[in-house]
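Notes for the one structure printed next.
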There are 2 protein chains.
Amino acid sequence: MMLKLATNIKYYRKQHNWTQQQLANELAISRSVIAKWESGDVLPDLMALIKLSRLFNKPVDHLLGIDSENDQLLNDFQQFYQTNGDNESTIDETLLNTIDYLVKNPLLKEQIERLSHLSIKQQKAVQRILQTTLNEAERL
Amino acid sequence: MMLKLATNIKYYRKQHNWTQQQLANELAISRSVIAKWESGDVLPDLMALIKLSRLFNKPVDHLLGIDSENDQLLNDFQQFYQTNGDNESTIDETLLNTIDYLVKNPLLKEQIERLSHLSIKQQKAVQRILQTTLNEAERL
DNA sequence: TCCTTTAGTTCTTAATAAGAACATTTTACT
DNA sequence: AGTAAAATGTTCTTATTAAGAACTAAAGGA
């Protein structure tokens with residue numbers, strides 16, 4: 001199961017312009033715990049999660065990334081790109097997830113931005129590297 | 001923090017006409033764990049909670065009882081009883097919680113039903129007993 | 001570049017949930 | 001009502017996993 005919790009905690013913490021320490025203070029726990037939540041090493045317990053939900057004013061389901069708030073957005077996208085649910089479409093849930101991922105990983109977003117400005121040849125070269133790197137990583 | 005999780009798990013399990021064993025099978029865990037969740041002794045871990053959410057088709061927030069789905073209902077109630085949010089009103093969140101509690105505790109609901117059919121004197125007697133019993137219990 | 005702040009990691013300890021076995025209660029049937 | 005079977009509740013032990021402290025690494029600013 002792919003949880004977005006770690007990313008989300010970090011994302012919303014930053015939205016509030018809080019350091020890990022500040023968030024830790026809000027929750028009355030130690031800072032290193034926050035770090036581990038955000039790294040995905042450790043899952044917060046239920047009570048902590050509920051506190052986060054209140055602090056960030058987001059439903060627990062949303063923090064976990066298991067809500068279907070996306071559905072409306074997905075429709076809009078399909079409207080916009082006029083790919084009305086036919087099989088050829090690349091506008092699917094996967095895209096939404098990817099977008100979400102980018103939104104919450106500004107560095108990567110910036111990298112792709114830069115990538116898009118390279119020459120086609122350069123883009124392909126980068127993509128080849130990425131490909132082999134990913135293959136490698138996934139074998140572990 | 002008052003969690004309704006225990007009650008909710010039991011409630012929705014019964015709605016599905018499942019025994020603890022059946023639910024345990026669905027989740028691939030041991031039955032005694034379910035019993036402890038429902039007794040409120042133990043909180044399920046996050047992953048189990050998410051599975052429950054999917055199994056029952058209820059948002060996690062709802063299982064936890066921290067959602068504000070009540071708000072609409074509360075409005076309707078106030079309309080119905082024409083107590084438009086003024087301070088005198090007894091139609092408040094507390095009532096909704098109580099109703100919810102009754103809905104999920106059929107035995108108690110039935111008891112109150114029966115109580116309401118007693119004579120006024122008898123009702124008062126029962127309430128006195130309840131009162132002292134509660135006082136006693138709360139002192140522990 | 002150096003210093004300060006912030007974030008990540010490791011190791012140990014403490015908390016807590018899971019499971020098995022046993023006890024109690026409820027249900028169904030006669 | 002009486003009994004057997006099923007369902008649920010409880011206790012105790014074991015295993016899991018998160019919390020915290022201390023240390024390390026990285027980032028940001030003068």
Side-chain angles (χ1 to χ4, degrees), chain A residues 1-56 60 63-64 104-111 114 137 140, chain B residues 1-56 60 63-64 104-111 114 137 140:
Chain A
M1 162 154 306
M2 180 50 203
L3 275 194
K4 296 195 199 144
L5 182 60
T7 308
N8 281 340
I9 292 175
K10 185 169 202 164
Y11 178 72
Y12 290 116
R13 173 173 65 79
K14 296 225 151 151
Q15 271 212 340
H16 285 251
N17 275 107
W18 284 341
T19 67
Q20 289 182 346
Q21 185 60 61
Q22 286 173 302
L23 179 55
N25 292 344
E26 293 287 337
L27 300 171
I29 61 173
S30 95
R31 187 200 55 78
S32 63
V33 172
I34 308 281
K36 278 180 284 191
W37 292 350
E38 292 185 356
S39 76
D41 273 5
V42 161
L43 290 173
D45 69 28
L46 258 180
M47 289 313 180
L49 184 61
I50 292 171
K51 285 185 196 167
L52 285 171
S53 165
R54 289 213 286 229
L55 218 47
F56 294 149
V60 171
L63 288 184
L64 294 172
K104 289 169 182 170
N105 290 276
L107 177 57
L108 181 58
K109 199 201 71 186
E110 187 200 319
Q111 290 171 331
R114 284 161 57 199
L140 303 182
Chain B
M1 163 157 306
M2 180 50 201
L3 275 193
K4 296 191 198 148
L5 182 61
T7 308
N8 281 341
I9 293 176
K10 186 169 203 163
Y11 179 72
Y12 290 117
R13 173 173 66 78
K14 295 224 154 154
Q15 270 211 341
H16 285 252
N17 276 107
W18 284 342
T19 67
Q20 290 181 346
Q21 185 60 63
Q22 286 173 301
L23 179 54
N25 292 343
E26 293 287 336
L27 300 172
I29 60 173
S30 97
R31 186 198 57 78
S32 64
V33 171
I34 308 281
K36 278 181 285 191
W37 292 350
E38 293 185 356
S39 76
D41 274 5
V42 160
L43 291 173
D45 69 27
L46 258 181
M47 289 312 179
L49 185 60
I50 292 171
K51 284 185 196 168
L52 285 171
S53 165
R54 290 213 285 229
L55 217 47
F56 295 149
V60 172
L63 289 183
L64 294 171
K104 289 170 182 169
N105 290 275
L107 177 56
L108 181 58
K109 198 202 71 184
E110 187 201 316
Q111 289 171 332
R114 284 162 57 200
L140 303 183

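Fit an axis to the five pairs at each end of the helix from C:dT1-D:dA30 to C:dT30-D:dA1 and the two axes sit 50° apart, to the nearest 10 degrees.
No engagement by B:Ile34 is indicated, since no non-hydrogen atom pair under 4.0 Å with the nucleic acid exists. Nucleic acid contact for A:Thr19: sugar-phosphate only, since backbone atoms but no base atoms lie under 4.0 Å from a heavy atom of the residue. Across all strands shown, A:Trp37 has heavy atoms under 4.0 Å from sugar-phosphate atoms exclusively, and none from any base.
Each of C:dG8, C:dA20, D:dA19 was ranked by its minimum atom distance to the side chain of A:Lys36; first place goes to D:dA19. Taking every side-chain heavy atom of B:Ser32 into account, D:dT10 is the closest of C:dT9, D:dT10, D:dT8. In the set C:dA17, C:dA7, D:dT8, the nucleotide with an atom closest to the side chain of B:Lys14 is D:dT8. Each of D:dA19, C:dT9, D:dT10 was ranked by its minimum atom distance to the side chain of A:Ala35; first place goes to C:dT9. Comparing C:dA20, D:dG20, D:dG9 by their closest approach to the side chain of B:Ser30 singles out C:dA20.
Using a 4.5 Å heavy-atom threshold, the side chains of B:Lys4 and B:Tyr11 count as separate. Contact of the B:Trp37 side chain with the B:Leu52 side chain is registered, since non-hydrogen atoms from C-beta on lie closer than 4.5 Å.
A sub-4.0 Å separation between OP1 or OP2 of D:dG9 and a side-chain N or O of B:Gln20 is present. Distances shorter than 4.0 Å separate some side-chain N or O of B:Lys10 from OP1 or OP2 on D:dG9. B:Arg31 has no side-chain polar atom (N or O) that falls below the 4.0 Å cut-off from OP1 or OP2 of C:dA18.
At distances below 3.5 Å, not a single donor-acceptor pair connects side-chain atoms of B:Arg31 with backbone N or O atoms of B:Ala24.
Residue B:Leu49 is tested with B:Leu43, B:Leu5, B:Ile9 for a side-chain contact (heavy atoms from CB on, under 4.5 Å); the sole match is B:Leu5.
The nearest whole Å value for the distance from the CG atom in A:Leu43 to the C1' atom in C:dA15 is 16 Å.
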